[in-house]
Amino acid sequence: MSTIKLQVVSPEKMVCDKDISMLIVRSTGGELGILPKHAPLVTGLIPHAMRIKSDGQEALMAVAGGFMEVTPELITVLTPAAEEPEQIDVNRAQAAYARAKQRVEAFKAAPAQHSEIDIDRAEAALARAKARLIATNTAIN
């Protein structure tokens with residue numbers, strides 16, 4: 001079976017460097033499936049849990065947005081943060097999700113009373129926490 005190299009890079013380290021059969025990501029333009037020999041592409045990524053398929057298995061990896069460059073032989077994901085499920089502290093991710101959700105809901109219910117909330121930052125924190133929980137297959141309430 002044909003493969004394509006996936007490299008996921010954060011400012012701290014190379015998070016992933018392996019051959020895969022398919023990558024499914026959420027770009028700023030929608031969901032994309034990348035297969036070997038894909039046409040060249042550059043796109044922004046939103047925070048989500050990437051689906052990595054290789055050797056008949058599927059794995060998830062949480063990414064905090066970033067950019068992706070695709071060539072026929074290589075997928076490069078540049079992200080501020082990327083975590084595999086076993087690296088994620090589920091309790092911490094749940095607490096971050098609850099905090100961010102509460103801030104977003106409070107702002108939307110009464111924007112004038114919560115002008116101290118940076119809604120863009122709160123929504124970004126909510127998206128990152130949700131991606132981390134999805135990557136660990138943890139239920140989101």
Side-chain angles (χ1 to χ4, degrees), residues 1-111 113-141:
M1 176 175 225
S2 184
T3 62
I4 186 168
K5 179 163 287 293
L6 170 64
Q7 294 182 332
V8 180
V9 183
S10 74
E12 291 83 32
K13 64 181 179 177
M14 173 81 72
V15 180
C16 176
D17 184 7
K18 67 180 186 177
D19 292 327
I20 65 168
S21 55
M22 182 178 195
L23 178 68
I24 301 170
V25 297
R26 288 201 184 143
S27 76
T28 53
E31 191 166 86
L32 296 170
I34 309 298
L35 294 166
K37 306 206 184 313
H38 195 283
L41 167 75
V42 174
T43 187
L45 298 176
I46 62 173
H48 71 289
M50 296 190 311
R51 295 170 42 203
I52 303 166
K53 296 185 178 193
S54 62
D55 300 324
Q57 303 287 326
E58 182 173 297
L60 297 173
M61 179 181 292
V63 292
F67 296 92
M68 177 178 71
E69 178 184 24
V70 178
T71 67
E73 297 83 28
L74 174 66
I75 303 167
T76 305
V77 174
L78 302 173
T79 180
E83 295 173 284
E84 295 177 304
E86 57 273 5
Q87 300 170 316
I88 297 170
D89 180 337
V90 174
N91 292 330
R92 188 169 163 242
Q94 287 174 323
Y97 180 82
R99 234 182 358 264
K101 185 176 177 184
Q102 184 275 327
R103 291 179 67 77
V104 168
E105 288 173 352
F107 182 86
K108 288 184 177 180
Q113 292 176 350
H114 296 285
S115 60
E116 78 284 358
I117 295 175
D118 181 340
I119 190 62
D120 293 332
R121 188 171 169 202
E123 287 177 335
L126 183 62
R128 287 190 305 272
K130 184 176 179 182
R132 294 176 80 222
L133 291 171
I134 290 170
T136 61
N137 291 309
T138 302
I140 299 172
N141 50 359

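Note that these values count all heavy atoms, side chains included, but never hydrogens, waters or copies made by symmetry.
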Would you indicate whether the side-chain heavy atoms of [Y] and [X] approach each other to under 4.5 Å?
X      : Y      : value
Ile34  : Leu41  : yes
His48  : Val63  : yes
Thr28  : Ile46  : yes
Leu126 : Lys130 : no
Leu6   : Cys16  : yes
Ile24  : Lys53  : yes
Ile119 : His114 : no
Ile4   : Met22  : no

Considering non-hydrogen atoms only, spot the tightest contact between [X] and [Y] and give its length.
X      : Y      : result
Pro80  : Gly65  : CD-O, 3.7 Å
Ala100 : Ala122 : CB-O, 3.8 Å
Pro85  : Ala135 : CG-O, 3.2 Å
Leu133 : Tyr97  : CD1-CB, 3.8 Å
Thr79  : Ala64  : OG1-N, 3.4 Å
Leu35  : Ser21  : CD2-O, 3.6 Å

- Task: Could you tell me whether Arg103 and Glu116 make a salt bridge, using a distance below 4.0 angstrom between a side-chain N and a carboxylate O?
- Result: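 A salt bridge is absent here (no side-chain N lies under 4.0 Å from a carboxylate O).
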
Discussion item. If you count heavy atoms of other groups shown closer than 6.0 angstrom to NZ of Lys5, is the number above 12?
Written reply: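 It does: Lys5 NZ has more than 12 such atoms within range.
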
For atom CG of Asp55, decide whether the heavy atoms of other residues, nucleotides or ligands shown that lie under 6.0 angstrom number more than 12.
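Not more than 12 within 6.0 Å, no.
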
**Report entry** Residue pairs fulfilling salt bridge (Lys or Arg N to Asp or Glu O under 4.0 Å) with at least one residue in residues 69-91, sequence neighbours excluded
**Finding:**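 Listed once each, the pairs are Glu83-Arg132.
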
Discussion item. For residues 23-50, which residue pairs pass the salt bridge (Lys or Arg N to Asp or Glu O under 4.0 Å) check, not counting sequence neighbours?
Written reply: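 Checked against salt bridge (Lys or Arg N to Asp or Glu O under 4.0 Å) - neighbours excluded - the pairs reaching residues 23-50 are Arg26-Glu31.
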
To the closest 0.5 Å, what do you measure between CZ (Arg51) and CD1 (Ile20)?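 Here the rounded value is 12.0 Å.
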
Hey, could you give me the CG/OG1 distance between Leu32 and Thr43, rounded to the nearest 0.5 Å?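 Here the rounded value is 6.0 Å.
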
My understanding is that only one of Val77, Ile75, Thr76 makes a side chain to side chain contact (heavy atoms under 4.5 Å, CB included) with Val8; could you say which?
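So the option named by the test is Val77.
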
### Query
Do Met50 and Met68 pass the side chain to side chain contact (heavy atoms under 4.5 Å, CB included) test, and can you show the C-alpha distance, the side-chain angles, and the key distance before you say yes or no?
CA-CA 12 Å; Met50 296 190 311; Met68 177 178 71; over 6 Å; no

> Would Val15 and Val9 satisfy side chain to side chain contact (heavy atoms under 4.5 Å, CB included), going step by step from the backbone distance to the final call?
Replying inline: CA-CA 6 Å; Val15 180; Val9 183; over 6 Å; no

message: Between Leu45 and Val25, is the side chain to side chain contact (heavy atoms under 4.5 Å, CB included) condition met? List the steps.
response: CA-CA 8 Å; Leu45 298 176; Val25 297; 4.0 Å; yes

Review point. Sequence neighbours excluded, which residues qualify as side chain to side chain donor-acceptor pair (under 3.5 Å) partners of Thr136?
Key: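 Checked Thr136 against side chain to side chain donor-acceptor pair (under 3.5 Å); matches are Thr138.
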
